[in-house]
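Presented below is the structure to which this report refers.
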Amino acid sequence: MQLDWPEHYGDPSWFIHDRFGMFIHWGLYSLRAKDEWIMTQEKISKEEYERYLEQFEADLFDPKKWVQHAKQSGMKYIVLTTKHHEGFALWDSAYTDYKITNTPYGKDALKEFVEACRDEEMKIGFYHSVIDWHHEHFTIDGLHPAREDEAVKQEKRDMKIYQKYLYNQVEELVTKYGKIDYFWFDFSYGDRDWGWSKGKGAEDWRAEEIEKLILKHQPQIMINNRLGLNRGVYTPEQYQPTGILTTSENKKRVWEACQTLNDRWTYNPNNLNRKSAEMIIKLLIDTVSKDGNLLMNFGPTARGNFDEASTKVLQEIGEWMTYHKQSIYGAGPSKLDPPQDCRLTKKKDRLFIHLFSWPFRTIHLKDFPYEINYARFLHDYSEVPVKRFDPEDILHHDRPVIAENEVVLELPLIKPDHVVPVIEIGLKR
């Protein structure tokens, strides 16, 4: 199946191969520890929100630890919020005073993050919001915190001035920090209509110009689909697609599932709807089996560290990846129907069976078209016996019935001590 990918974009091969990335949301909203949309949810004024600048000490911020957490968990790239909808910049932007270098922390956090990633050969992604509730010329719409403030709504605002500001900040991001692998925009909402105002889309961002700017300075870069141009990496959020994502012309999309540890993107210690390591591992496997990537979000505290719940889950994911990464990196979907409660991934001449629940004694692979060199568990390479139909076999009541078109794998009664055991099958070419 042909890939749907813009010819003028960078080569997505590394992205499709690596499969697993970390998303990090960190900003002034981390101080409220509720929600990254808190400014508009509680209709906080620009002036009131600015007071958080004085509280952003980030005394435990150590980007090397962030990168180490991601690396030991098997993640190959990190996407960090450079600026969220609140407008606060994590770098020393020349175009605003509303930035981390004007907080007690005082340093360019983005620069430190980039250096830490390069030291560990971690791919670098920048998240950047095209929305900015702090900027005085970002026009008021139904998402804006001042949507019910009649005095603010009467202010003269010029979206062209904001467009130039957006362009200038993006230019800083793609020229000041060396090679960037992934630019992750958030987000266009031109389909929204509140009657008195409408949402914003590609024309409001001058998206074509921004895209050209990025590719001029970073021709190899990946860009996601949220500029409103309907191209790039597709980014379903907080749900899991049911299959491979395709276009109406039946071309495969490059896509990544964006998921959070709990219900929110920012750090929130009171939101206990946390995904277990097992659930995240299964999300990763399921995504790769559908030819996608998983971008898994973890929100650091306002002090700049990951909390105990996050680090525990990351450690557990890393333990599984240590033994089973072969079934993830460079792997993709299989055309075969998976056995019950299983997911299949395939890489060249190897097929991987991920067992989401442990069956009794056997796995039946129906309509199996390949000859098999071997079958083994990934965690210890112990052999998995393979049986095929043999018309001369005498049928016994304690033996599996094997049809002519299937392969049967014989399993031990006791499940291996791994959250999702994986069987690797070597296929004859």
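Throughout, numbering of the chain's residues begins at 1 and tracks the sequence.
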Residues K366, D337: salt bridge by 4.0 Å N-O rule: no
Give me the atom names and distance for the closest heavy-atom approach of Y267 to S30. CD2-O, 4.4 Å
Is a salt bridge present between R157 and E155, judged by a nitrogen-to-oxygen distance below 4.0 Å? yes
For T345 and I285, work out which heavy atoms get closest and say how close. CG2-O, 4.3 Å
Do the ring planes of Y98 and H134 sit parallel (below 30°), tilted (30 to 60°) or perpendicular (above 60°)? parallel
With sequence neighbours left out, write down each residue that passes salt bridge (Lys or Arg N to Asp or Glu O under 4.0 Å) with R274, or none if nothing qualifies. none
Can you name the residues that form a salt bridge (Lys or Arg N to Asp or Glu O under 4.0 Å) with K347, not counting sequence neighbours? none
Applying ring-ring contact (aromatic ring centres under 6.0 Å, His included), name anything that partners Y105, two or more places apart in sequence or on another chain. F61
Pair Q41-D35, side chain to side chain contact (heavy atoms under 4.5 Å, CB included): steps then yes or no: CA-CA 9 Å; Q41 288 170 342; D35 195 299; 3.1 Å; yes
Applying side chain to side chain contact (heavy atoms under 4.5 Å, CB included) to Y127 and N224, what does each step give before you reach the verdict? CA-CA 10 Å; Y127 166 109; N224 75 334; over 6 Å; no
Show me the side-chain donor-acceptor pairs of residues 189-197 shorter than 3.5 Å, one per line, residues at least two apart or across chains.
| unit_1 | atom_1 | unit_2 | atom_2 | d |
| --- | --- | --- | --- | --- |
| Y189 | OH | D141 | OD2 | 2.5 |
| D193 | OD1 | G195 | N | 2.8 |
| S197 | OG | G142 | N | 3.2 |

Here the ring pair (Phe, Tyr, Trp, His ring centres under 6.0 Å) pairs for residues 312-341, sequence neighbours left out, are W320-H324, Y323-H418, H324-H418
Intermediate values then yes/no, side chain to side chain contact (heavy atoms under 4.5 Å, CB included), M159 and Q163: CA-CA 6 Å; M159 194 64 182; Q163 289 169 349; 4.2 Å; yes
Grab the two heavy atoms, one from K153 and one from A146, that are nearest each other, plus how far apart they are. CG-O, 3.6 Å
Audit row: K71, E121, salt bridge (charged side-chain N to carboxylate O under 4.0 Å, His left out) steps and yes/no: CA-CA 9 Å; K71 189 172 183 178; E121 298 183 341; 6.0 Å; no
With a 4.0 Å cut-off on N to O distance, would you call E115 and K64 a salt bridge? no
Quick one: do Y49 and F88 satisfy ring pair (Phe, Tyr, Trp, His ring centres under 6.0 Å)? Show the steps, please. CA-CA 10 Å; Y49 204 84; F88 173 68; 9.1 Å; no
Less than 4.0 angstrom from a charged side-chain N to a carboxylate O is my criterion; do D186 and K83 meet it? no
Should the pair W5 and Y9 be assigned to parallel (<30°), tilted (30 to 60°) or perpendicular (>60°) ring geometry? perpendicular
Taking every non-hydrogen atom, the tightest pair across R19 and I328: CG-O, 3.4 Å
Steps toward salt bridge (charged side-chain N to carboxylate O under 4.0 Å, His left out) verdict (E383, R376): CA-CA 4 Å; E383 183 179 10; R376 64 187 182 184; over 6 Å; no
Return the set of residues passing ring-ring contact (aromatic ring centres under 6.0 Å, His included) with W265 (not counting sequence neighbours), or none when no residue passes. F23, H25
